[in-house]
Amino acid sequence: MSEFSHISIRGARVHNLKNISLDIPRNRLVVVTGLSGSGKSSLAFDTIYAEGQRRFMETLSAYARQYIGNIERPDVDSIDGLSPVISIDQKSTSRSPRSTVGTITEIHDFVRLLYAKAGRRYDPSTGQKLEKQSEESIVRAILSLPEGTKVQILSPLVTGRKGHYRELFERLLKKGFLRIRADGEFLEMQQGMQLERYKSHNIELVVDRLVIGADITPRLRKAVALAVGMSEHKSSVICAPFESEEQEQFFSTKYAYADGSVPIDTLAPNNFSFNSPYGACPTCNGLGEIRSLSTDLMIPDRSRSLNQGAIEPFGKPGKRNLWQVIRAIAKAYSFDLDTPVSDIPKEALNVLLKGSGSKTFDVVYSYSGKEHIYPQEFPGALAYVRELQKNSGTTRINEWAEGFMLHQPCPECGGARLRKESLNVRLDGMNIHEVESMPLPDALDFFSSLPQHLTDRERLIAAPVLHEITKRLRFLLDVGLAYLTLSRSSQTLSGGEAQRIRLASQLGSQLSGVLYVLDEPSIGLHQRDNSKLITSLQNLRDIGNTVLVVEHDKDTMLAADEIIDLGPGAGEHGGELIAQGPAHALPKTSLTAKYLHGELDVVARREKTTDREGSSKAITITGCRGNNLKNVRADFPLGSLICVSGVSGSGKSTLVNDTLYPALARHFYRSKLLTLPYDSISGLKNIDKVVNVDQSPIGRTPRSNPATYTGVFTFIRDFFTQLPEARIRGYKPGRFSFNVKGGRCEACQGAGTKKIEMNFLPDVYVECDVCKGKRYNRETLQVRYRGRSIADVLDMTVEEAAGFFEDFPRIQRILSTMQSVGLGYITLGQQSPLLSGGEAQRIKLSAELSKVQTGNTLYILDEPTTGLHFQDIQHLLDVLRRLVDKGNTVIVIEHNLDIIKNADWIIDLGPEGGRNGGTIVATGTPEDVASGSSHTGRFLALELNR
């Protein structure tokens, strides 16, 4: 065996790893799996990747290292045979509004270069292609007119500017010129002549008048040179034939528009960059959108009246002058303050929102028992909010005003992010924004067929650039991202999509001898595209790399060369090596092997038999047409577990997260969430609230943790306040809070860590050297229950704390709920930024489950199986089934067949992703969908038959 045929790890003890030793074969596709919390990430990222990163940092110069500080060595005896390591995880993609799929993959940089070097310019007003001509070619073009044609050679002096231009005419007369063309009319200049001062003018000087013939070449050459030299941008000539049918011709020695202006003389790649002042649209600064006040957000519920505060900026009626005018408006338009906004005359509502302009209303004021009438204009809600924001300048008022603002496409560039001049450069009739807005397969076809539309010179320039663009586009298609566009903002990408984009970039770099560590790249990927991802990982392996994937996907495990199964449980019950080897050779003791070989299966345990045909009551939403949805009508039967499925990019998130949920949130909570367009929604009377359990972090700082989020920490603090020692000292609950002064450690202000801001790396948190991460001062830690302080309680796992507080029902209820969703292994004080998306989602779910159930709640979950082993999916399914058995409705957006086959009702979108998706292709029970021809149906049929 060669010395470096394996990566040899000896004595790994990071987090919950129990001193494990193993050999991972190099240049193989290796999957690390196991229950949530069994130590997969601790092995792959916190041990192997962290050690690889540390060794790389040690190769840097002492000067560079001083900015980084010491990177702690992972708790492991030795790691041998380690290659340079690249991590592709879910959290490290830029969330900047300036970042797009094109910029992340660097394809946009090549497209910019292509447009700068081979793009053809067009005039925005005439649509004519712009040419750059020499004076000699201009002379030849004029001489090509029929012999005997009378022409005038004009020089554009003024283009679209105001002024009387008396001095200009006097200067021209002194030089011996006689005629001009002003605003299309030929005039002879005279002493004292001037134009209308406040009108925009176009002035062209008549340099010479000629008859086309063989003998006029020298004279024409002089006239053209003089016209070019005198013109506004030292570039343009107009040849205006008269007494003939010939068209007037415009020539330029630069790329000038027909109006004589020269926008960009030489194109450069930064003219097509929306992150550069040379290319970015000046109105939106290259963001493609602007924030503007929206009247829709000002009236969240049109069934309310003005008396009920329907127009939110105005609040409820009072004695302010504003309300005196509103009452006068109501009187003038014959409605009162109890009239629902939906019944107020359209013109009156327009006045209330946008103002009355110069129109006045008679406002009655009483002084000394007498009534006085004053005519008053009304500025409207929009102007009222703008004025308040402008004059107050306080953070609170700014945040209040921003609550009424929407992101809307920029009126100047229409969302294209670039200047007009850049958008008038085209290749095969398309500008850069139009090309980058195509789905990736169409963009690939465009660039592949482009050479046949180019000249020989352009083709020579474009060939190497096109090779790079098409190669990178193919890699994106290889990882199952055909439905994306290059212009798609990175903010809208899911963790799995972002990770697959970075994977495609690595495929493009063609490195070999590297160890790649990936974190669940299959997230958000439909089974149909799974094979593409697996092929990509195998390609990465075949060019000489080791690919280490933390994954729960069955197909990926079966395709792997080796599986490393950790367990047997989670948290302190995990961290051991259970089995290692290819899928077919895993021993029966491995829980993973039992699910892979079909000995165990994920099944829904129903407490009562629910009607698999769906409830008679339903929420129906019609006319959904946001993003790629094609006027969809969807029925969600209540009291069911509903699965919304479909290939990636088919419109699932658009339907549920961007249309249904905001509509419900606006109805129940007067939320200001923007809803994508739909026609109507019915059946809302059958539910009393909606809960969206997404994967966004429960907090972004180390101060946030599962105990504070679920509310159990409030009860624990109250409990510690009741202890004899605390009562003797007179401690109140605030003493046990690490967010207020009193009991916390003031050195770190209760964070337990101190933030070190890095110059060119993400911020690093180091343990507080005073409290050693305990968050509290010495006096607070002296209050103990059964030998444990409040800091010790925060260090307990949920499972341990449940045993510790078993006699306290309020605390027990929340902790047992957290255990039921498979979170028994996390510590109560675990910092929020260290939680995975799936863990954050399950913490939110447990916080909701621990509340008193009404039985009429609608829960929305987006891919809750992220990061879950087969066994954890079984726990999750049991929890969801319990919710449904109590009468609640659960809508799950999901690709996982274990969840889909156990749903009561499926809504399957498709047939494809992107613009070829957006329709409902199948609805019904799992058996109904499996009998259909949709992509989900095909895979579901295989699963049900298995």
Side-chain angles (χ1 to χ4, degrees), residues 294-306 308-312 335 339-346 348-350 353 404 406-408 613-640 642-646 650-692 856-862 887-893 904-910 917-924:
S294 158
T295 53
D296 285 346
L297 293 183
M298 292 178 177
I299 316 175
D301 184 357
R302 289 180 176 256
S303 65
R304 298 166 77 94
S305 67
L306 294 176
Q308 294 169 313
I311 300 180
E312 288 203 348
F335 68 91
T339 307
V341 166
S342 54
D343 296 338
I344 292 176
K346 202 170 180 181
L349 191 58
N350 214 36
L353 295 171
F404 303 120
L406 278 183
H407 290 279
Q408 293 182 321
E613 293 299 321
S615 161
S616 55
K617 293 178 182 173
I619 288 178
T620 300
I621 188 163
T622 64
C624 304
R625 48 191 182 279
N627 295 339
N628 66 337
L629 292 182
K630 297 181 174 67
N631 206 28
V632 162
R633 170 199 163 117
D635 298 295
F636 298 92
L638 298 177
S640 319
I642 305 163
C643 228
V644 180
S645 60
S650 58
K652 303 181 297 296
S653 295
T654 301
L655 175 63
V656 179
N657 291 338
D658 302 332
T659 310
L660 177 67
Y661 174 66
L664 296 174
R666 291 184 77 159
H667 173 79
F668 288 112
Y669 312 124
R670 299 182 69 188
S671 155
K672 292 192 175 70
L673 281 175
L674 179 64
T675 310
L676 291 181
Y678 69 95
D679 291 338
S680 68
I681 187 166
S682 61
L684 299 187
K685 64 180 183 298
N686 298 316
I687 59 170
D688 54 19
K689 64 174 177 173
V690 60
V691 176
N692 188 21
N856 292 319
T857 304
L858 175 68
Y859 294 92
I860 294 174
L861 292 89
D862 190 354
N888 300 297
T889 307
V890 179
I891 298 175
V892 183
I893 300 172
D904 298 322
W905 195 254
I906 297 173
I907 297 173
D908 192 28
L909 281 97
T919 57
I920 292 177
V921 291
T923 58

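From a predicted model like this one, the values you see are computed outputs, not experimental measurements.
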Can you find a heavy atom in the side chain of Ile891 that is under 4.5 Å from one in the side chain of Leu861?
no
Mind listing the closest non-hydrogen atom pair of Thr675 and Ala663 along with its distance?
OG1-N, 3.6 Å
What distance do Cys643 atom SG and Trp905 atom CH2 have between them, rounded to the nearest 0.5 Å?
13.5 Å
Determine whether Leu909 and Leu629 make a side-chain contact, defined as any pair of heavy atoms from C-beta on separated by less than 4.5 Å.
yes
Tell me which one of Val644, Asn657, Val691 satisfies side-chain contact (heavy atoms from CB on, under 4.5 Å) with Ile860.
Asn657
Please confirm whether the backbone N or O of Thr654 pairs with a side-chain atom of Thr659, one donor and one acceptor, at under 3.5 Å?
yes
Looking at Asp862 and Lys652, does any basic side-chain N land under 4.0 Å from a carboxylate oxygen?
no
Quick one: does Asp908's side chain get under 4.5 Å of Ser645's, heavy atoms only?
yes
Side-chain contact test, heavy atoms from C-beta onward, threshold under 4.5 Å: evaluate it for Arg302 versus Asp296 and give yes or no.
yes
Would you compute the distance between atom CD1 of Ile642 and atom CD1 of Ile619 and round it to the nearest 0.5 angstrom?
8.0 Å
Rounded to the nearest 0.5 Å, what separation is found between the OG1 atom of Thr857 and the CG atom of Asn888?
4.5 Å
Using every non-hydrogen atom in the two residues, find where Arg625 and Asp679 come nearest and quote the distance to one decimal.
NH1-OD1, 2.8 Å
Test item: side-chain donor near acceptor, Ser640 and Asp904, under 3.5 Å:
no
Are Thr889 and Asn686 side-chain neighbours, meaning at least one heavy-atom pair lies under 4.5 Å?
no
As a quick check of understanding, evaluate side chain to side chain contact (heavy atoms under 4.5 Å, CB included) for Tyr661 and Val690, giving each step before the final call.
CA-CA 8 Å; Tyr661 174 66; Val690 60; 3.8 Å; yes
Could you check if a side-chain atom of Phe636 sits within less than 4.5 angstrom of a side-chain atom of Leu660, using non-hydrogen atoms only?
yes
Atom CG in Leu664, atom CD1 in Ile681: separation rounded to 0.5 Å?
4.5 Å
Any Ile299 side-chain heavy atom under 4.5 Å of Leu353 side chain
yes
In Å and rounded to the nearest 0.5 Å, what is the CZ to SG distance from Arg633 to Cys624?
10.5 Å
For a 4.5 angstrom cut-off between non-hydrogen side-chain atoms, does Tyr678 reach Leu676?
no
Which pair of heavy atoms, one from Asp635 and one from Pro637, lies closest together, and at what distance?
O-CD, 3.3 Å
Would you name the heavy atoms of Phe668 and Leu684 that are closest together and state the gap between them?
CZ-O, 3.9 Å
Rounded distance [0.5 Å steps], CD1 in Ile920 versus CD1 in Ile906:
13.0 Å
If you look at every heavy atom in Leu673 and Ala665, which pair is closest and at what distance?
CD1-CB, 4.2 Å
Return the minimal non-hydrogen interatomic distance between Asn631 and Gly623, and the atom names on each side.
OD1-CA, 3.2 Å
